[in-house]
Amino acid sequence: MGRLIVVSNRVATPAQTKESAGGLAVAVFGALKGDGGIWFGWSGDVVSESVAHAGPSLVLDGSVTFATIGLTRKDYDQYYRGFSNATLWPVFHYRNDLAHYERDEYAGYRRVNAWLAHKLVNLIRPDDNIWVHDYHLIPFAEALRSESVENRIGFFLHIPFPSPQVLQTIPPHEELVRSLCCYDLIGFQTRNDQLAFHDYIVRNARGEVFEDGESARVEAFGRKLRTGVYRIGVFPDEIAEQAARYENRQHVIDLEQSLEGSKLIMSVDRLDYSKGLVERFHAFEQLLEREPEWRGKVTLVQIAPPTRSDVASYKRIREELEREAGRINGRYSGLDYTPIRYLSQQYDHGELMSLFRESQVGYVTPLHDGMNLVAKEYVAAQNPRDPGVLVLSIFAGAAGELTGALLVNPHDAAGTSEALQRALSMPLAERQARYETNMEALRRNNLGVWRDSFLRDLGNVPKPH
Ligand code: F6P
């Protein structure tokens, strides 16, 4: 039986895989432990050329090898900060207005993919299956193939796949899709993402797609591959247990006391423009404006740790959010009341789950999101006897599964504020019914199902050569 090799831009540390923090890390580690394997990727460090070239550094934990490698400043700037996060990320989230394209960055992106692939080659055995994750690594399989690697190689895209017209705003779009077609199996978060890819194959690449439900055979650029939909999930019972375990900790008691009976709306996101944070604040402001009885009686806690803060568009969204939080608070605060508590800090996973459990509303309104695991974690963390209500954007992949949520269009501030009002006033029986519907969906399609179905389908792909 072959091993599994997981490749992702960032690699969790062995310690991170032991707790239930970061569901993906737990699922991937679970799969690696089975028959042993390797988790390969960037260490997260920017290092000198000699250190980078000496890599990867290997840490063995049981049967799993964590193989990480540093990036030089130039590689980081071109591959990670540049083409991955200033071109692909905004375009794949339908924010062409925020994207920029530089030939040098694209060349750096391909160069780093080729270099990482080259570094992995010596670790691969003939019967290993290779599972590559996310938009940073679109050309990775092509680079491995050019090093004569003949193993099965699968790819899972964690973010949306844009419609062809949007994708075409990236000048080398065709080369990118040609590279994607070097994978044997491509997994998408939702059917919409898969269809957008098929659309490009048929209309732009003059390829062929043979669909069989949500699984498809694709022939394009002289290659045969498969695509499928694999909705990433969480382990709901572990989250419920963690949320309950943290429930009586001091941070929860402190928050509860400081709220003085006011209802709590919780939001947690990376500080990213795709998360709809400013629109969310505006809808909350409308609630206070249109329903004055809520003033002093409801608090929005927004936790938003900064990420990618050296990318210009991330600096701007941070400034805008801070300005809006200040403006709204200036307008509606009292001497003993602050409507928005905005915390740009990282919190421990267990603490977050217990804060979710404490709240009456989970407010998750991205403008575009591959899946959004926060929405799923919010549901799983609730107390079944007194669950909170999830207010969820129709543009999160999770909206297709969490039919018990109140679905909103985040561009519609009035509609979103009405949903908040409804969630805050919802009777217990309806809250419980919605919670049960959502929990059923989470249990049916947990993180293990996502992982196992992808790896089963990858294992069934005929070997390419
Ligand atoms: O969900 C998309 C993603 O890019 C993941 O691949 C990554 O783990 C996460 O967002 C955090 O992003 P970054 O690694 O850029 O901090």
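We use all heavy atoms of the structure for the numbers below, so side chains are in, but hydrogens, waters and symmetry mates are not. Every number for a ligand or one of its atoms is a count from 1 in the order of the listing. Along the sequence shown, residues carry numbers from 1.
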**Request:** Report the C-alpha distance between D184 and R145 in whole Å, list the side-chain angles of each, state the deciding distance to 0.1 Å, and finish with yes or no for salt bridge (charged side-chain N to carboxylate O under 4.0 Å, His left out).
**Result:** CA-CA 11 Å; D184 299 307; R145 296 281 178 235; 2.8 Å; yes
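A distance-only check finds no donor-acceptor pair linking the side chain of K275 to the backbone of T365 [under 3.5 Å]. Here the side chain of Q189 pairs a donor or acceptor atom with the backbone of H158 at under 3.5 angstrom.
Closest heavy-atom approach to atom 9 (C) of ligand 1 within the set M371, R10, R308: this belongs to R308.
Taking the side chain as every heavy atom from C-beta outward, K376 and E401 approach each other to under 4.5 Å.
With hydrogens left out, the protein atom closest to atom 13 (P) of ligand 1 is Y80 OH, 3.4 Å, a heavy atom. Of all protein heavy atoms, the one lying nearest to atom 2 (C) of ligand 1 is D134 OD2, 3.5 Å.
Put simply, atom 7 (C) of ligand 1 has no protein non-hydrogen atoms near it, under 4.0 Å away.
Neither side chain, N445 nor Y230, offers a donor N or O lying under 3.5 Å from an acceptor on the other.
A heavy-atom separation below 4.0 Å is found between H136 and ligand 1.
Against a heavy-atom cut-off of under 4.0 Å, Y135 is close to the following atoms of ligand 1: 4 (O).
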